[in-house]
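Okay, so here's the structure we're looking at.
Keep in mind that this is a model prediction, so the values were computed, not measured. Residue numbers run from 1 in the order of the sequence given.
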Amino acid sequence: MTGPGLDWPARYHAALAHTFGAPRRVLARAEGTHVWDVDGRCYTDFLSGIAVTVLGHAHPAVGAAVSAQLGQLDHVSNFFATPPQITLAERLGALASPDGRPAHVFFGNSGAEANEAAFKLTRLTGRTRIVAMEDGFHGRTMGALAVTHHPSYREPFAPLPGEVVFAPYGDVDALRAAVDATTAAVVVEPVQGESGVKVAPPGFLSAARAITAEAGALLWVDEVQSGLGRCGEWLVSVADGVAPDIVTLAKGLGNGFPIGACIALGAAGELFTPGSHGTTFGGNPVAAAAGLAVLDTLRDEQLVEAARNLGDHLAAAIAARANPLIALVRGRGLLRGIVLARPIAAAVNDALLEAGWIANAPRPDVIRVAPPLIVTRAELDAFAVALDQAVTAVADGKEGEAA
């Protein structure tokens, strides 16, 4: 698409903050697992807006719920409550607390806001020291950034809120050594998506629970990316038999409608008191209606269980190609990191895009995929073929042939 006023990349560069670099494409519409750019080219979306559109794009249940709520009640201040807000909080509390502990939910608009709320909650313990994980990612606001490990994200904005120390992800002995009687909380992701889809070793979350309980510290589990079916479980921590004090959620909860949640359980749920935190838009009835539609659809269409089986199918399909340049596929459910034998992930990702597949390269040797949970086995098989071709073409210096 060309013509006066339609140079979208130039207009983007002139009008938007330069925080994301040049857009890879300008997208115009989407349905299910497919998106189309402004030139009419179709792509199969295996990233889901970074693990967001769990139901695929333009899902009718979410659209109907949002439209109906907009026509009934679109926004009130938090001086008031709404039925969708209360109902969604009850539903999320039940998911996070199968053991029946009281659960109290603070709604925000993103994963970073959910983690910002959790950070503030830990301060109300009277302690200020937090132990976070190396390679962890929790958001870009100042509190969430303080517990995010990547130096390139942190250093331009130092000093950040402290005291935060980092322990090696998955190392129980190192975590035990880092936690003491001054520790307010340990924050951990069951799966580190931004570091290349690294899964916590078996028993690590349980050990973190035991270590924090012994020290009188909170266990804060960030399930912003891993939760709500993405990894084949409603919540990975709960499925693994762990009872956190705080669980943070976002991404898939609204299927693209901005919403985040900080769930405080047991005694931690009593730490926030009136006036200790707030939000204008968090928990608004339209976002809550979207969240309820997502939960209903995940349950009714059995998509959580499907994600577990489909993720295993994808890993097997990639392994069956026996490409020596693909070292392994790691992850859980439909959050997978494809580890390459060479640091060529960026070029492979470019080749995949040219071939009509959306993924991303969070690390030089890792391709991350997070397709909608409605993806078909045929689409997974087709991606395995496209990946095989893209990796081989890049390694041979023939990227154009992958398209």
Side-chain angles (χ1 to χ4, degrees), residues 20-21 24 45-52 111-112 115 132-140 144-145 147-154 166-171 174-175 187-202 204-205 221-227 230-233 236 250-252 307 311-312 314-319 321 323-353 357-371 380 383-384 386-388 390-391 394-395:
F20 299 107
R24 296 172 59 78
D45 187 358
F46 263 48
L47 188 57
S48 302
I50 311 184
V52 169
N115 283 326
M133 299 298 113
E134 292 180 1
D135 293 329
F137 180 88
H138 304 283
R140 302 294 193 109
L145 187 59
V147 292
T148 291
H149 182 246
H150 306 291
S152 63
Y153 297 161
R154 297 168 53 85
F166 294 94
Y169 185 61
D171 188 328
L175 180 61
V187 55
V188 60
E189 300 160 274
V191 181
Q192 291 186 327
E194 298 303 314
S195 69
V197 193
K198 296 178 181 177
V199 180
F204 182 65
L205 292 181
V221 178
D222 179 341
E223 296 236 28
V224 167
Q225 190 162 165
S226 63
R230 170 55 56 194
C231 289
E233 310 290 351
V236 174
K251 289 194 179 288
D312 291 342
L314 174 62
I318 294 171
R321 304 299 300 179
N323 190 318
L325 297 169
I326 298 176
L328 67 116
V329 179
R330 62 192 181 200
R332 292 177 66 155
L334 284 171
L335 179 60
R336 296 284 172 160
I338 301 151
V339 182
L340 307 178
R342 301 182 193 173
I344 56 174
V348 171
N349 194 48
D350 288 343
L352 283 168
L353 187 62
W357 298 89
I358 296 176
N360 95 305
R363 288 292 180 267
D365 62 343
V366 179
I367 297 291
R368 173 174 52 174
V369 293
L380 296 172
F383 175 79
L387 174 69
D388 183 20
V391 169
V394 167

In a table with atom names and distances, give each donor-acceptor pair under 3.5 Å that connects a side chain of residues 340-351 to protein atoms at least two apart or in another chain.
residue	atom	partner	partner atom	Å
Asn349	OD1	Asn360	N	3.3
Asp350	OD1	Arg24	NH1	3.0
Asp350	OD1	Arg24	NH2	3.2

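- Taking CG of Leu328 as the reference point, atom CD1 of Ile318 lies at 10.5 Å (rounded to 0.5 Å).
- By the ring-ring contact (aromatic ring centres under 6.0 Å, His included) test, Phe383 pairs with Phe46, Trp357, sequence neighbours left out.
- Residues Val224 and Asp222 come closest through the heavy atom pair N-OD1, 2.9 Å.
- Taking the salt bridge (charged side-chain N to carboxylate O under 4.0 Å, His left out) definition, one finds that Asp365 meets it with nothing, sequence neighbours left out.
- Between Leu314 and Val329 the shortest side-chain heavy-atom distance does not fall below 4.5 Å.
- Applying the side-chain hydrogen bond (donor to acceptor under 3.5 Å, both in side chains) criterion to Asp171, with sequence neighbours excluded, gives no partner residue.
- For Arg154, the side-chain hydrogen bond (donor to acceptor under 3.5 Å, both in side chains) criterion is met by no residue, not counting sequence neighbours.
- Put simply, CZ on Phe137 and CD on Glu189 are 8.5 Å apart, with the number rounded to the nearest 0.5 Å.
- Remark: Val366 engages Arg330, Val339, Pro362, Arg363 in a side chain to side chain contact (heavy atoms under 4.5 Å, CB included) (not counting sequence neighbours).
- Taking both residues in full, the closest heavy atoms of Gly331 and Val199 are given as CA-CG2, 3.5 Å, listed atom of the first, atom of the second, then distance.
- Side-chain atoms of Val391 and Ile367, non-hydrogen and from C-beta on, never get closer than 4.5 Å to each other.
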Run the side-chain contact (heavy atoms from CB on, under 4.5 Å) check on Tyr169 and Asp135 step by step: do they pass?
-> CA-CA 7 Å; Tyr169 185 61; Asp135 293 329; 5.7 Å; no
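- Not counting sequence neighbours, the partners of Gln192 by the side-chain hydrogen bond (donor to acceptor under 3.5 Å, both in side chains) test are Ser195.
- Considering every non-hydrogen atom in both Gly139 and Ala112, the closest pair reads CA-CB, 4.1 Å.
- Once rounded to the nearest 0.5 Å, the distance linking CD of Glu194 with NE2 of His149 reads 15.0 Å.
- Side-chain N or O atoms of Asn115 include one that pairs as donor or acceptor with a backbone N or O of His138 at under 3.5 Å.
- Taking both residues in full, the closest heavy atoms of Val236 and Ser226 are given as CG2-O, 3.9 Å, listed atom of the first, atom of the second, then distance.
- The side chain to side chain contact (heavy atoms under 4.5 Å, CB included) test applied to Val52 returns Lys251, not counting sequence neighbours.
- Asp388 pairs by the side-chain hydrogen bond (donor to acceptor under 3.5 Å, both in side chains) definition with Arg321, Asn323, not counting sequence neighbours.
- Rounding to the nearest 0.5 Å gives a distance of 12.0 Å between CG of Leu380 and CG of Leu387.
- Side-chain atoms of Leu175 and Met133, non-hydrogen and from C-beta on, do get closer than 4.5 Å to each other.
- Contact between Ala359 and Leu352 at its shortest, heavy atoms only, is CB-CD1, 4.4 Å.
- In this view, Ser48 and Thr53, Arg230, Pro372 satisfy the side chain to side chain contact (heavy atoms under 4.5 Å, CB included) rule, not counting sequence neighbours.
- Side-chain atoms of Gln225 never come within 3.5 Å of backbone atoms of Val191 as a donor-acceptor pair (strictly under, hydrogens ignored).
- Residues Leu353 and Ile358 are in side-chain contact: their nearest non-hydrogen atoms beyond the backbone lie under 4.5 Å apart.
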